[in-house]
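Worksheet: one structure, shown below.
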Amino acid sequence: MNKNIAVIRGDGIGPEIVEQALVVLNKIAEIYGHIFSYTDVDMGGCAIDKYGDPLPQDMLEKCIKSDSVLLGAVGGDKWNNVSPEMRPEKGLLRLRAGMQVYSNNRPTKIWPQLADSSPLKKAILDKGIDFIIVRELIGGIYFGEHKTEVIDGENTATDILRYTESEIERIGRIGFETALKRNKKLCSVEKSNVLNSSRLWRSVMHRIADEYPEVELTDMLVDNCAMQIVRNPSQFDVIVTENMFGDILSDEASMITGSIGMIPSSSLGATTCGLYEPIHGSAPDIAGTDIANPIGTILSAAMMLRYSFDMTTEAQSIENAVFEVLDKGYRTADTMPSDKNESEKFIRIGCKECGKLIMNHLR
Ligand code: NAD
């Protein structure tokens, strides 16, 4: 298969971690007979420095025309004082809006080798944690009307939570499609005991469920879901929810797995052209020192293969390689135990070596 991937290295550790994801993708192409071509795209602080704009229109168009986008991270102290419209993160928001990616997908997976860095008890971890949160990304309360006014002599703030049936349906379908590619269990999370938008959410989810008879659909209230994520996370396969609930639940879920450097994400819209990036930022504090963990970016590339290119075997090959490298005791600095005696059991590796080891374990 031929695929054109737009590559945004970005700022801070972005270029280092993306380089290692490309090392892995190139090896996958060689093993499985694909051709991946890469289009470089400048976004974030580096684009501000070059063009005075965090995402020039021609760069956005390169992304829209690609088969998918792989992003490192953007931002850093250097650009903290530029005007709000010119901040590196504005480039990211414009990219998401320009690509029309309305669904953010974040897997929560516990790597057994890193279980010690999770705040959860071993008895909970032993049951296994491997689920994905599908979050609506461009609707709901974050995009509703926001206003602050004086009513009866008092400051009064209002934020509108609004969803249309079609907005719910399109994210609901992503939830079902994702479940179909996994263990076929979908949990729809809302607050239908209180909110009209949630009652509409629940009714739309059940209407479209008839089209996905292989998927088992359950409903859960968001407050219960927040509790279940720490109490019994192994019950989940795919969670689908609205923007604000997903924002909060996905941060909660990321904390139970250990290091932020391990977690990938994808954002998808109506087409298979997606945006794939690790969940962390540009980590300026460690940029250029070859100690960043590239695994979140490498696993984002694996998500791209699975969800945008339908290359399940190739994606699995990357995930297996990560598993083997961890299993052999290799650790980047962020996944090393803090206890000195414990850390002596592991082999400390840098960003480049981590990418190379994963490449060498691909089958
Ligand atoms: P951060 O995620 O960059 O870093 C938080 C901490 O985690 C730091 O100590 C960092 O060293 C560590 N860390 C992060 N990724 C790591 C990795 N792969 N390997 C090892 N350690 C890692 O968050 P921050 O420090 O709050 O933000 C730094 C910059 O990144 C800011 O300018 C922020 O706006 C930007 N940011 C960008 C994105 C994005 O591009 N999607 C997301 C979040 C933050």
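Whatever order the structure lists ligands and atoms in, that order sets their numbers, starting from 1. Everything quoted here is computed from the prediction, not taken from an experiment. FYI, the numbering just counts along the sequence from 1.
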Please state whether the rings of Trp201 and Tyr163 are parallel, tilted or perpendicular, taking 30° and 60° as the class boundaries. perpendicular
I'd like to know if the side chain of Ser192 pairs up with that of Arg199 as donor and acceptor (distance under 3.5 Å, no hydrogens or angles considered). no
Under a 4.5 Å cut-off applied to non-hydrogen side-chain atoms, are Thr271 and Gln100 in contact? no
Under 3.5 Å, is there a donor on one side chain and an acceptor on the other for Ser308 and Tyr276? yes
Do Arg170 and Tyr102 meet the cation-pi criteria used here (NZ or CZ under 6.0 Å from the six-membered ring centre, within 45° of the axis)? yes
Around Met255, counting heavy atoms of other residues, nucleotides and ligands shown, do more than 12 lie under 6.0 Å from its CE? no
With hydrogens left out, which residues have an atom under 4.0 Å from ligand 1, given that only heavy atoms count? Ile13, Ala73, Val74, Gly75, Gly76, Glu89, Leu92, Ile260, Gly261, Glu277, His280, Gly281, Ser282, Ala283, Pro284, Asp285, Ile286, Ala292, Asn293, Asp334
